[in-house]
Amino acid sequence: QVQVVESGGGLVQPGGSLRLSCAASGSTFSIVVMGWYRQAPGKQRELVAAFISGGSANYADSVKGRFTISRDNALNTAYLQMNSLKPEDTAVYYCHADGRIKTGGPIFRYWGQGTQVTVSS
């Protein structure tokens with residue numbers, strides 16, 4: 001039904017940058033929120049950033065000032081620009097898209113498969 005595809009992960013040195021992309025697709029998918037979570041081994045999945053369609057972005061305190069989430073409405077794509085990366089940013093980053101597949105229907109959360117971001121020291 002709905003596909004969420006992530007790309008852009010990789011290996012970066014501390015202080016480097018990466019840009020993650022997340023494309024959501026569906027026949028009549030209407031997105032309310034797109035965002036990013038991350039999960040490191042042995043840790044809970046945590047919210048990184050979220051972009052509310054027609055609204056504003058929210059960020060975890062740990063990434064404020066370093067990460068920027070943006071949205072291309074025409075492409076149903078969200079981006080996460082990550083600057084000044086730190087080793088503690090190392091995690092699998094999961095994109096999600098929250099929206100409706102039917103007008104007036106419930107909002108569901110759809111997840112991408114995840115992309116690995118490794119910040120080496």
Side-chain angles (χ1 to χ4, degrees):
Q1 292 182 323
V2 177
Q3 284 191 313
V4 180
V5 181
E6 301 142 311
S7 63
L11 175 64
V12 194
Q13 294 295 112
S17 298
L18 281 176
R19 185 180 185 237
L20 306 183
S21 298
C22 174
S25 62
S27 59
T28 58
F29 190 42
S30 179
I31 298 172
V32 178
V33 176
M34 295 189 73
W36 295 87
Y37 281 70
R38 67 185 181 187
Q39 187 169 26
K43 292 186 177 181
Q44 293 286 102
R45 189 174 300 186
E46 64 174 346
L47 175 68
V48 177
F51 190 96
I52 303 173
S53 298
S56 60
N58 295 321
Y59 300 92
D61 289 340
S62 59
V63 307
K64 285 182 179 178
R66 299 189 297 119
F67 291 11
T68 302
I69 187 171
S70 60
R71 170 89 183 277
D72 186 330
N73 292 330
L75 299 177
N76 277 346
T77 300
Y79 305 93
L80 186 67
Q81 179 66 47
M82 304 184 293
N83 298 325
S84 301
L85 284 163
K86 305 174 181 179
E88 53 263 42
D89 295 318
T90 296
V92 178
Y93 284 70
Y94 297 92
C95 177
H96 72 86
D98 303 346
R100 300 179 174 92
I101 60 174
K102 295 181 179 179
T103 301
I107 298 174
F108 293 101
R109 175 163 291 180
Y110 302 89
W111 289 97
Q113 199 68 27
T115 185
Q116 177 71 48
V117 172
T118 302
V119 185
S120 66
S121 59

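Remember, it's a predicted structure, so these values are computed and weren't measured experimentally.
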Gln3 CD: over 12 foreign heavy atoms closer than 6.0 Å
no

Compute whether any side-chain donor of one residue and acceptor of the other, for Gln13 and Ser120, lie under 3.5 angstrom apart.
yes

Is any side-chain heavy atom of Arg38 closer than 4.5 Å to one of Ser62?
yes

I'd like to know if the side chain of Thr77 pairs up with that of Asp72 as donor and acceptor (distance under 3.5 Å, no hydrogens or angles considered).
no

Under the 6.0 Å and 45° cation-pi test, does Arg19 pair with Tyr79?
yes

To the nearest 0.5 Å, tell me how far Leu75 CG sits from Cys22 SG.
12.0 Å

Test your reading of the model: is there a side-chain donor-acceptor pair from Arg45 to the backbone of Gln39, 3.5 Å cut-off?
no

Distance-only side-chain donor-acceptor flag, Thr118 / Gln116, under 3.5 Å:
yes

Considering only heavy atoms from C-beta outward, does the side chain of Leu80 approach that of Thr68 to under 4.5 Å?
no

Are the side chains of Asp98 and Ile31 in contact, using a 4.5 Å heavy-atom criterion?
no

Can a salt bridge be assigned to the pair Lys86 and Asp89 using a cut-off of 4.0 Å between side-chain N and carboxylate O?
no

Output yes when a side-chain donor or acceptor of Glu6 lies under 3.5 Å from a complementary backbone atom of Gly114, and no otherwise.
yes

Which label fits Tyr93 and Phe67: parallel for a plane angle under 30°, tilted from 30 to 60°, or perpendicular past 60°?
tilted

In this structure, is the centre-to-centre distance between the rings of His96 and Tyr37 below 6.0 Å?
yes

